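Okay, so here's the structure we're looking at.
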Amino acid sequence: MNPFYHRIYRVVRHIPKGRVATYGIIARLAGRPGAARTVGWALSALPEDNDVPWWRVINAAGRISFSGQDHSAVLQRALLLREGVRFAPGGAVNLGTFGWPSEAYDSAVASHKRAASTRRSRRLKGLRT
DNA sequence: GCCATGACGTTCC
DNA sequence: GGGAACGCCATGG
């Protein structure tokens with residue numbers, strides 16, 4: 001297995017309980033800025049007997065990256081709620097509050113970037129139908 | 001070895 | 001503030 005994966009898993013394990021991190025941040029901490037997609041790929045490749053808190057990893061918009069009806073999304077949301085992470089009315093997590101590491105989320109930068117990401121997955125999947 | 005895909009992100013309009 | 005386009009890295013066919 002590639003060192004990146006190990007780095008990624010190691011970083012994810014460092015996420016404190018009750019906090020969340022974005023794929024981009026994970027990729028950056030793992031030493032591969034811009035490899036956010038790879039982070040998702042690595043997490044999807046997690047074995048069943050893993051000790052990695054994958055549910056603490058979300059996208060830059062502070063939302064679950066799965067389809068809303070997907071059981072994994074429900075599970076992830078439930079696990080986060082259990083740890084004290086609160087979801088905003090829009091279904092997004094306030095990264096300025098729960099984001100980890102805190103210094104990585106200078107609320108200013110994260111302002112208008114929230115909107116962009118979410119629609120992409122819909123486009124990819126929605127286009128197939 | 002090239003092409004397509006994906007738990008994403010940043011920039012431009 | 002919302003939507004569309006381009007770029008990113010690794011994997012699978």
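These figures come from a predicted structure and were not determined experimentally. Every chain is numbered from 1, with letters handed out A, B, ... down the list of sequences.
Take A/Pro89 and apply the side-chain contact (heavy atoms from CB on, under 4.5 Å) test, not counting sequence neighbours, and it matches no residue. Remark: A/Trp54 pairs with no residue by the side chain to side chain donor-acceptor pair (under 3.5 Å) rule, at least two apart or across chains.
One can place CZ of A/Arg56 at 23 Å from P of B/dA7, the figure rounded to the nearest angstrom. Separating the CZ atom of A/Phe66 from the C1' atom of B/dC8 is a distance of 13 Å, rounded to the nearest angstrom. The nearest whole Å value for the distance from the CH2 atom in A/Trp54 to the P atom in B/dC8 is 13 Å. Atom CZ of A/Arg37 and atom C1' of B/dT5 are 8 Å apart (whole Å). We find that OH of A/Tyr5 is positioned 15 Å from P of B/dG6, with the value rounded to whole Å. Atom CG of A/Leu43 and atom C1' of C/dC9 are 14 Å apart (whole Å). The distance between atom CD1 of A/Ile8 and atom P of C/dC9, rounded to the nearest whole Å, is 13 Å. Between A/Phe4 atom CZ and C/dA10 atom P the separation is 5 Å, expressed in whole Å.
For the pair A/Tyr5 (side chain) and A/Trp41 (backbone), a donor-acceptor distance under 3.5 Å is absent.
The stretch residues 28-36 of chain A touches DNA chain C through A/Gly34, A/Ala35, each having a heavy atom under 4.0 angstrom from the strand.
Ranking B/dG9, C/dT11, B/dC8 by closeness to the A/Ala60 side chain, first place goes to B/dG9.
Residue pairs that meet the salt bridge (Lys or Arg N to Asp or Glu O under 4.0 Å) test with at least one member in residues 80-95 of chain A, sequence neighbours left out, are A/Arg56-A/Glu83. Within the structure, side-chain hydrogen bond (donor to acceptor under 3.5 Å, both in side chains) pairs that include any residue of residues 19-34 of chain A do not occur (at least two apart or interchain).
Here A/Ser44 does not reach the OP1 or OP2 of B/dA7: none of its side-chain N or O atoms lies under 4.0 Å away.
Between the CD1 atom of A/Ile58 and the CD1 atom of A/Ile25 there is a distance of 11.0 Å, given to the nearest 0.5 Å.
The nearest heavy atom of DNA chain B to A/Trp41 and to A/Gly24 marks one nucleotide each, and the one closer to the 5' end goes with A/Trp41.
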Taking only distance into account, with no hydrogens and no angle test, what donor-acceptor pairs under 3.5 Å do side-chain atoms of residues 11-18 of chain A form with protein atoms, sequence neighbours excluded?
from	atom 1	to	atom 2	distance (Å)
A/Arg13	NE	A/Asp51	OD1	3.0
A/Arg13	NE	A/Asp51	OD2	3.2
A/Arg13	NH2	A/Asp51	OD1	3.1

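At the heavy-atom level, A/Thr22 lies under 4.0 Å from the strands shown only through sugar-phosphate atoms.
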